[in-house]
A.B. asks: 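I'd like to ask you about the structure that follows.
Just so you know, these numbers come straight off a predicted model, no measurement behind them.
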Amino acid sequence: MRLTDSIRALPLRLWAAARALAGQYDEAPAGWSTSEIQVRKRISKSIGLHLAVAKEIEALAYDIMVNLSKPSRPQAILRAHSILLVRTLQDLRACVLLSLRGYTMQAWTAAASAFEAAHAMGFIGADPSRAERWLNHTDQDRGPFSVKDGVVGSFKYLDLGQTASDRQQLVDNEYGLYEKLCMAKHINPLAERNRYWISRDNSTRLQFTPFLSDGRIKEARLGLALAARSAILALWVLSKTHDAGGTDGRILPLAAKSGDLVAGWNSSTAAV
């Protein structure tokens, strides 16, 4: 058999292997789109507030960038902030699309990326040396600074927390949620080992395509809430750093909305 024929036959071989392993595979490969459509119809209402906040953030980001006063900071800061802002917003968008189709672990990965990019903006703040450090970084194995340092730097730059101990508690809480998202990014068995096997009609089946459950709705809510909060933080840093008029007045109300979403991600919900 030629190599190209072997490659083309691979999906069917995997399908046959799954049937042999599971006893009965739940649906044919053509069912991917059908499953995604079904999940979207059923999950949309449960994450409606999250989707609305994401849309507000997208509109606000465009408005801020279009109307940004002539920046007075060094070019390196604006360049680093602009790159990281776009990455954060694209990760938020990816999180929305993945959540609507039922890929909640993949949405968590995108949300973790948004978190890292936004807090890199906060760590850079108005410091040109940190901006240059980020722009000139060459090590493929690690970033120019840790995510935890990014969170500490962001909260300090935005002056969050009335006291040092208050700020540290905020940092620890925020970083703890990020670590939860990282279970998906690092394929932690706690998040994966029971995810794709389902019991139905006295049999256990391996399901390739996404499906909805109460737990997956909560997962979608957490990923979307943290991705939204990260995007708002990124806009806050951008506005504070580069807008001569100061922080845009629409940012704090949106930050409060995202805080409510984060606080309520694990609330009881029936799968629709």
Side-chain angles (χ1 to χ4, degrees), residues 39-68 81 84-122 151 154-155 158 160 170 173-178 180-181 184 212 214-240 243 247-272:
V39 168
R40 179 166 187 149
K41 288 180 178 178
R42 297 168 62 198
I43 200 174
S44 294
K45 185 177 180 181
S46 297
I47 58 174
L49 292 175
H50 303 72
L51 301 179
V53 168
K55 286 184 178 179
E56 286 189 67
I57 292 169
E58 291 171 354
L60 179 58
Y62 179 80
D63 194 38
I64 287 176
M65 289 302 294
V66 167
N67 296 296
L68 194 65
H81 277 172
L84 289 163
L85 174 67
V86 172
R87 177 57 191 263
T88 304
L89 293 171
Q90 289 189 356
D91 285 338
L92 171 59
R93 181 65 174 168
C95 190
V96 167
L97 295 175
L98 288 164
S99 296
L100 282 171
R101 286 158 177 78
Y103 300 103
T104 52
M105 287 292 93
Q106 291 79 3
W108 275 19
T109 299
S113 174
F115 186 99
E116 293 171 10
H119 284 288
M121 287 184 67
V151 180
S154 291
F155 283 27
L158 296 176
L160 299 177
L170 290 173
N173 290 341
E174 198 76 357
Y175 191 77
L177 291 171
Y178 164 75
K180 193 173 185 68
L181 295 180
L212 198 60
D214 184 78
R216 281 166 172 74
I217 291 175
K218 292 178 180 180
E219 289 168 359
R221 287 176 171 175
L222 177 60
L224 288 166
L226 284 179
R229 178 139 82 181
S230 297
I232 294 166
L233 184 140
L235 290 174
W236 192 349
V237 170
L238 182 84
S239 186
K240 176 177 180 176
D243 194 332
T247 301
D248 191 290
R250 294 166 290 181
I251 288 176
L252 291 183
L254 261 180
K257 285 185 181 180
S258 74
D260 290 341
L261 294 179
V262 171
W265 77 270
N266 201 26
S267 60
S268 178
T269 175
V272 293

A.B. asks: Hey, what do you get for CG (Leu170) to OG (Ser154), rounding to the nearest 0.5 Å?
C.D. replies: 12.5 Å
A.B. asks: So do the side chains of Tyr178 and Leu226 get within less than 4.5 Å of each other, counting heavy atoms only?
C.D. replies: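 No. Closest side-chain heavy atoms not under 4.5 Å.
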A.B. asks: Counting C-beta onward and ignoring hydrogens, is there a side-chain heavy-atom pair between Asp260 and Lys257 closer than 4.5 Å?
C.D. replies: no
A.B. asks: Give, for atom CG of Leu51 and atom CD1 of Ile43, the distance between the pair rounded to the nearest 0.5 Å.
C.D. replies: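 Spacing of CG (Leu51) from CD1 (Ile43) equals 8.5 Å.
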A.B. asks: If every non-hydrogen atom of Ala234 is compared with every non-hydrogen atom of Met121, which pair is closest and at what distance?
C.D. replies: O-CE, 3.3 Å
A.B. asks: Atom CD1 in Ile251, atom NZ in Lys240: separation rounded to 0.5 Å?
C.D. replies: 11.5 Å
A.B. asks: In sequence, state the C-alpha distance, the side-chain angles, and the governing distance for Asn67 and Asp243, and then conclude on side-chain contact (heavy atoms from CB on, under 4.5 Å).
C.D. replies: CA-CA 9 Å; Asn67 296 296; Asp243 194 332; over 6 Å; no
A.B. asks: Is there a side-chain contact between Leu100 and Ile47, using heavy atoms and a 4.5 Å cut-off?
C.D. replies: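 Yes, side chains in contact.
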A.B. asks: Under a 4.5 Å cut-off applied to non-hydrogen side-chain atoms, are Leu177 and Arg229 in contact?
C.D. replies: yes
A.B. asks: Which pair of heavy atoms, one from Trp265 and one from Lys180, lies closest together, and at what distance?
C.D. replies: CH2-CE, 3.4 Å
A.B. asks: Between Ser230 and Glu116, is any pair of side-chain heavy atoms under 4.5 Å apart?
C.D. replies: no
A.B. asks: List the steps, then state whether side-chain contact (heavy atoms from CB on, under 4.5 Å) holds for Leu97 with Arg101.
C.D. replies: CA-CA 7 Å; Leu97 295 175; Arg101 286 158 177 78; 4.0 Å; yes
A.B. asks: Look only at the side chain of Ser258 and the backbone of Ala255, and say whether a donor-acceptor pair between them is shorter than 3.5 Å.
C.D. replies: yes
A.B. asks: To the closest 0.5 Å, what do you measure between CD (Glu58) and CD (Glu56)?
C.D. replies: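 Between Glu58 CD and Glu56 CD, I get 11.0 Å after rounding to 0.5 Å.
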A.B. asks: For the side chain to side chain contact (heavy atoms under 4.5 Å, CB included) test, which of Val151, Leu84, Thr88 pairs with His119?
C.D. replies: Val151
A.B. asks: Starting at NE2 of His81, measure out to CG of Leu235 and round the result to the nearest 0.5 Å.
C.D. replies: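 The CG atom of Leu235 is 12.0 Å from NE2 of His81, to the nearest 0.5 Å.
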A.B. asks: Taking it one step at a time, do Leu261 and Leu49 satisfy side-chain contact (heavy atoms from CB on, under 4.5 Å)?
C.D. replies: CA-CA 8 Å; Leu261 294 179; Leu49 292 175; 4.0 Å; yes
A.B. asks: Within a strict 4.5 Å, meaning less than it, do heavy atoms of the Leu222 and Asn266 side chains meet?
C.D. replies: no
A.B. asks: Please report the closest heavy-atom contact between Ile57 and Ala228, naming both atoms and the distance.
C.D. replies: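 What the structure gives for the nearest pair is CD1-O, 3.5 Å.
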A.B. asks: Around Arg250, counting heavy atoms of other residues, nucleotides and ligands shown, do more than 12 lie under 6.0 Å from its CZ?
C.D. replies: yes
A.B. asks: Can you tell me if Thr109 uses its side chain to pair, donor with acceptor, with the backbone of Met105 under 3.5 Å?
C.D. replies: yes
A.B. asks: Please report the C-alpha distance between Leu233 and Leu158 in whole Å, then the side-chain angles of each, then the deciding distance to 0.1 Å, and finally whether the side-chain contact (heavy atoms from CB on, under 4.5 Å) criterion is met.
C.D. replies: CA-CA 9 Å; Leu233 184 140; Leu158 296 176; 3.9 Å; yes
A.B. asks: Distance check, rounded to the nearest 0.5 Å: Ser99 atom OG versus Arg221 atom CZ?
C.D. replies: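 The OG atom of Ser99 sits 11.5 Å away from the CZ atom of Arg221.
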A.B. asks: Please find the pair of heavy atoms, one from Ala231 and one from Leu89, that lie closest to each other, and give the distance.
C.D. replies: CB-CD2, 4.2 Å
A.B. asks: Which atom pair, heavy atoms only, marks the closest approach of Gly223 to Leu181?
C.D. replies: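 Shortest heavy-atom contact: CA-CD2, 4.3 Å.
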A.B. asks: Does the Trp108 side chain pair with the main chain of Glu219, one donor and one acceptor, at a distance under 3.5 Å?
C.D. replies: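 Pair found, side chain donor or acceptor close to backbone of Glu219.
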A.B. asks: So, the side chain of Ser239 versus the backbone of Asp248: is there a donor-acceptor pair under 3.5 Å, distance only?
C.D. replies: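 Yes, the answer is positive, given that a donor and an acceptor are paired below the 3.5 Å cut-off.
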